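By convention in this document, chain letters (A, B, ...) are assigned in the order of the sequence lines, proteins followed by strands, and residues within each chain are numbered from 1. Excluded from the calculations below are hydrogen atoms, water molecules and symmetry mates; all remaining heavy atoms, backbone and side chain alike, are included. As the structure is a computational prediction, the values presented were derived from the model and not from experiment.
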Number of protein chains: 2
Amino acid sequence: MIVTGELVNGERLDEISLSEKFGCSRTPLREAFQSLAASGLLELIPHRGAFVRHPDLSDMIEMFEVMAELEAFCGRLAARRVTQQDLAELYRTVIACEDAVANNDSDRYYAENEKFHHLLYKASGNQFLADQAGQLHRRLKPYRRLQLRVRGRLEQSLSEHRAILEALENGNADDVAVALRAHVAVQGGKFNDLMASYKSFQQSGQKFGT
Amino acid sequence: MIVTGELVNGERLDEISLSEKFGCSRTPLREAFQSLAASGLLELIPHRGAFVRHPDLSDMIEMFEVMAELEAFCGRLAARRVTQQDLAELYRTVIACEDAVANNDSDRYYAENEKFHHLLYKASGNQFLADQAGQLHRRLKPYRRLQLRVRGRLEQSLSEHRAILEALENGNADDVAVALRAHVAVQGGKFNDLMASYKSFQQSGQKFGT
DNA sequence: AATTCCAATATTGTATACAAAAATCTTGAC
DNA sequence: GTCAAGATTTTTGTATACAATATTGGAATT
């Protein structure tokens, strides 16, 4: 089920008008609301309705803080548990990223970057952790997306991927964790990038998909 | 909304008989199913129904692995961000725990232990992290509960709390993290405790509350 | 006797109708 | 003119009826 729309923070979603818009009844809409509320995009207030809840800047910083730690932990576990096949697949995404950078194809880079991270989650050998990391990753998607548009970020990100992969191959858990934390964390100049992407996201219409 | 019942793994929940049991229609039941599925207690298969999904032993080990890391991270952040008031409240729970141990009151210990951990989550200064940690904590509740019944575990747990609090007071992030990881992680003898509590949980009827 | 196809049945998914709660508007008093 | 209380309207929450899909049982064929 998919909900698409231009939504501003705090807006109430009217069940009736939305059901007309989507050509369905209120029942499946309410189920979709619950699903979206569970992933934090909506807030359901009893007898009041469903309200759009954009994370504010401080929420986002908090989420990135946790994301960095989750990925670092994935990396630390993966350093011990990664298989040859995982390494090979990770290597392929790095190659593909190089290609994307060479062609300045940020969409393609984005897709391969996503693959890289999901492979890493899986390589942790902890399915629950991989699920949690994947969920949070998905939730931060729209913000990270815009960050990659920042000039020079593609190259930097790529070289960080290389470093992560190298540390993984060496089986050095601490190196992997440090590299991943730095790769994901919002710090230094990246804070301004995040803030810019946040504002741009706030202004523009946006799409939520489930 | 509350769901209580004796449920075995893999069982399909029949909407009609449950709606009769609770004296409501299928609509609110289905909403409850979604909520339970979101927190991982049920699995909803389209056109098939809602199935009880107990974590198996390996799921649980995975969850405890993540729990340990989340708490360690809470602790690391708290070492920097904890307030005097947080410290005072943490201290109070430790005193209360001492009292509970002295009276061999495992129920009371359990309650104060819970308070200790939630205070720690809050002390991280990261609300998102605190929520995530709290959710996972709640999900692991029934298993941890039985672990505390193991002879000598109360005293050990208490002394670990003391060490954690001391490291927090000293502001030593690494010490806090190490102590918490050890406190939460399933390792060594605790693995057997977990396995025993798991089996006992599997056998007995159990209650899920939301 | 086993297997496959089709029909019957049961169960989930959706629409609509009704009930309850909240929000709004009107009317009256100060 | 402003505020408050009550009535009206709007909107969420729930029940029920209907549609669509999956499962099960039986019959026919190989």
Can you work out whether A:Pro46 or A:Arg26 has the more 5'-proximal nearest nucleotide on DNA chain C?
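Its nearest nucleotide lies further toward 5', so the answer is A:Arg26.
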
Which residue, A:His47 or B:Thr27, contacts DNA chain C at a nucleotide closer to its 5' end, judged by nearest heavy atom?
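It is B:Thr27, whose closest nucleotide lies nearer the 5' terminus.
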
Gap between atoms [atom1] and [atom2], on [X] and [N] respectively (whole Å):
X	N	atom1	atom2	answer
A:Glu20	D:dT10	CD	P	14 Å
A:Arg12	C:dA23	CZ	C1'	10 Å
A:Asp14	D:dT12	CG	C1'	10 Å
B:Glu15	D:dT16	CD	P	15 Å
B:Gln34	C:dT12	CD	C1'	13 Å
A:Ile45	D:dG13	CD1	C1'	15 Å

As a test of reading the structure: which of [options] is closest to the side chain of [X], going by heavy atoms?
X	options	answer
A:Ser25	C:dG13, D:dA15, C:dT16	C:dT16
B:Ile16	C:dT12, D:dA15, D:dT12	C:dT12
B:Glu31	D:dT12, D:dT14, C:dT12	D:dT14

Hey, does A:Arg48 reach any base, or is it just sugar-phosphate, or nothing, if we go heavy atoms under 4.0 Å?
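If one applies the 4.0 Å heavy-atom cut-off, A:Arg48 turns out to touch the sugar-phosphate alone, with no base involved.
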
Does a side-chain N or O of A:Arg30 approach OP1 or OP2 of D:dG13 to a distance below 4.0 Å, or not?
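Yes, such a contact exists.
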
Using ring-ring contact (aromatic ring centres under 6.0 Å, His included) as the criterion, list what pairs up with B:Tyr121, not counting sequence neighbours.
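ring-ring contact (aromatic ring centres under 6.0 Å, His included) list for B:Tyr121, sorted by chain: B:His118, B:His137.
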
What closest approach, in Å, do A:Asn113 and A:Ser157 show between heavy atoms, and which atom pair accounts for it?
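Here A:Asn113 and A:Ser157 meet closest at OD1-OG, 4.2 Å.
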
Pair A:Glu69 + A:Arg181: basic N to acidic O under 4.0 Å:
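Looking at A:Arg181 together with A:Glu69, the answer is yes, because their closest N to O distance falls below 4.0 Å.
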
According to the salt bridge (charged side-chain N to carboxylate O under 4.0 Å, His left out) rule, which pairs have a member within residues 29-52 of chain B, sequence neighbours left out?
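Sorted pair list: A:Arg30-B:Glu31, A:Glu31-B:Arg30, B:Glu15-B:Arg30, B:Glu43-B:Arg53.
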
